[in-house]
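Below you'll find the structure, written out as structure tokens, and then a few comments.
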Amino acid sequence: MPGNRPAPRQGSGSVTIAHVAAAAGVSKQTVSNVMNSPAKVRTETRERVQRAVAELGFQPNRLARALRSSAAGMIACRIEPVSSHSLAHLHDRFLHALAEAGQASGRHLMLFAADDAESEAATCVQLVRTGSVEGVVLYNVVPDDPRPSILTEARVPFVCFGRAADAGWVDVDNARGVASVVDHLAESGHRSIGFLGFPEGHRVGDDRAEGWVTAMDRHGLLAGSHRLDVRGEDTWLSGARMARSLLGRPDAPTALVAASDTLAAGALQAFRDLGLSPGQDVAVVGYDDTPSAEVLDLSSVRQPLPEVGRRIVEALCSPDGTTTPVTSLLPPELIVRGSSRPQA
């Protein structure tokens with residue numbers, strides 16, 4: 001039998017799980033079961049709760065908010081496939097960092113797949129509106145990315161890994177990371193330093209190329225060196241091809257800066273093909289410090305992924321349940337190994 005608690009008018013924003021439970025004459029946990037695991041509830045009871053929900057205008061997402069105080073929160077992130085032509089496992093390492101940061105704050109990470117940006121955004125909206133998660137993380141945000149505007153319009157809490165206009169984001173200073181590589185190579189005595197980059201228009205790649213240009217200019221090495229800036233797809237074969245094209249010139253560079261460890265690994269293969277010794281005849285430094293970099297004795301730039309994960313979770317899961325606006329640009333760290341270590 002329905003309880004004695006007066007129910008607010010239909011559609012009122014003050015409707016709570018307690019109002020639904022009282023109107024249906026059941027416990028709050030039963031209401032939760034009807035909304036999340038209906039098979040657990042008897043048909044008669046389920047129908048009574050559903051009538052109360054409809055009459056009071058109670059929405060599933062409001063139920064989720066009411067239950068969050070007693071249930072561990074969930075955050076969602078799309079999982080992306082790894083290219084068979086790349087050594088990078090940055091996405092996997094980022095997800096691990098995000099999961100660890102979430103666990104430290106009492107949250108769990110939900111992974112899902114999507115075919116494209118639009119279907120990813122639609123899934124994010126659905127997950128939040130049904131109360132499955134309390135917020136989402138967008139990975140690899142690029143210029144003109146449709147996801148932030150879709151989620152903002154739908155009032156979905158989210159934080160981006162990658163800079164975004166009118167949205168909270170955390171990113172790594174890619175230009176600074178490459179500039180530190182040029183500084184390292186110039187201080188080791190190199191005066192001709194080539195750059196293996198991504199095709200123009202790739203935001204991360206453009207940032208890393210900007211770091212090369214800025215540091216080369218600061219060391220007085222930029223004049224006449226634009227021909228040492230070559231671009232190609234982020235694959236091992238592309239890195240080998242670009243490195244061979246530079247090293248085959250009469251004024252070949254004595255060091256190479258690669259925009260990724262994948263391109264740098266291709267350069268190492270080119271060294272072997274040409275009979276050159278890494279770190280002695282020619283130096284090379286990659287970016288992202290993948291597990292392969294240590295195996296290959298490759299110097300590389302390490303992104304601070306644990307700190308990225310911590311700041312994203314901190315912004316997404318504030319104590320009052322809102323998303324804290326954040327714009328954090330974090331410095332990476334150069335890890336020097338044999339491929340660029342100055343010789344005694």
Side-chain angles (χ1 to χ4, degrees), residues 80-91 140 142 174-175 177-179 181-182 184-186 188 190-213 215-216 221-222 224-301 303 334-341:
E80 298 185 349
V82 176
S83 170
S84 59
H85 301 289
S86 172
L87 299 180
H89 296 283
L90 185 71
H91 183 58
N140 194 26
V142 298
N174 288 289
V178 170
V181 175
V182 175
H184 159 65
L185 294 171
S188 299
H190 294 281
R191 310 305 295 168
S192 180
I193 304 171
F195 179 72
L196 311 180
F198 305 151
E200 292 186 8
H202 187 291
R203 198 209 66 204
V204 170
D206 289 347
D207 285 348
R208 293 178 186 181
E210 178 188 349
W212 178 79
V213 170
M216 291 286 285
L221 305 176
L222 189 61
S225 66
H226 282 292
R227 65 184 183 279
L228 299 181
D229 176 1
V230 292
R231 307 296 181 90
E233 296 301 319
D234 186 26
T235 68
W236 179 84
L237 291 175
S238 177
R241 176 182 53 79
M242 290 190 290
R244 279 194 295 267
S245 72
L246 288 179
L247 296 173
R249 298 179 181 181
D251 55 345
T254 62
L256 297 176
V257 180
S260 72
D261 285 351
T262 300
L263 294 178
L268 290 175
Q269 178 60 52
F271 294 175
R272 288 190 288 270
D273 294 343
L274 297 170
L276 301 174
S277 177
Q280 296 181 3
D281 299 318
V282 61
V284 62
V285 181
Y287 203 109
D288 289 332
D289 195 33
T290 61
S292 299
E294 186 172 3
V295 173
L296 296 171
D297 201 22
L298 173 67
S299 298
S300 188
V301 177
Q303 299 201 46
L334 172 61
I335 306 299
V336 177
R337 298 189 177 97
S339 70
S340 72
R341 186 176 293 118

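Being a predicted model, the structure only gives us computed values, none of them experimental.
Side-chain contact between F195 and V182 is absent, with no heavy-atom pair separated by less than 4.5 Å. Between T290 and T262 the shortest side-chain heavy-atom distance does not fall below 4.5 Å. Put simply, the side chain of S192 reaches to within 4.5 Å of the side chain of L228, judged on heavy atoms. Side-chain contact check for V301 versus V178: every heavy-atom pair is 4.5 Å or farther apart. Within the 4.5 Å cutoff, the side chain of L334 has heavy atoms near those of the V181 side chain.
Between the CZ atom in R208 and the CG atom in L196 there is a gap of 13.0 Å [rounded to 0.5 Å]. The structure places CD1 of I335 at 10.0 Å from CD of E294, a figure rounded to the nearest 0.5 Å. A distance of 5.0 Å separates CG in L90 from CG in D288, rounded to the nearest 0.5 Å. Atom CG of residue D273 and atom CG of residue L268 lie 11.0 Å apart, to the nearest 0.5 angstrom.
The heavy-atom pair separating W212 from D229 by the smallest distance is CZ3-CB, 3.8 Å. The shortest heavy-atom contact between S260 and L263 is OG-N, 3.1 Å. Closest approach of L246 and P253 over heavy atoms only: O-CD, 3.6 Å. In plain terms, the two heavy atoms of R191 and A186 that are nearest each other are NH1-O, 4.4 Å. A270 approaches R244 most closely through the heavy-atom pair CB-CG, 3.6 Å. Contact record, M242 with G197: CE-O, 3.9 Å, taken as the closest heavy-atom pair.
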Run the side chain to side chain contact (heavy atoms under 4.5 Å, CB included) check on L256 and F271 step by step: do they pass?
-> CA-CA 11 Å; L256 297 176; F271 294 175; 4.0 Å; yes
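In terms of modelled atom types and a separation under 3.5 Å, the side chain of S299 and the main chain of R337 share a donor-acceptor contact. A donor-acceptor pair under 3.5 Å is absent between the side-chain atoms of D207 and the main chain of A175, judged by distance alone. Of the possible polar contacts, none joining the H184 side chain to the V285 backbone as a donor-acceptor pair under 3.5 Å is found. With D297 contributing its side chain and G338 its backbone, the two residues share a donor-acceptor pair below 3.5 Å. At distances below 3.5 Å, not a single donor-acceptor pair connects side-chain atoms of D206 with backbone N or O atoms of E200. The main-chain N or O of V284 is found under 3.5 Å from a side-chain atom of S339 such that the two form a donor-acceptor pair.
Other residues, nucleotides and ligands contribute over 12 non-hydrogen atoms within 6.0 Å of the CD atom of Q269.
Side chain to side chain, D289 and Q303 fail the donor-acceptor criterion of an N or O pair below 3.5 Å.
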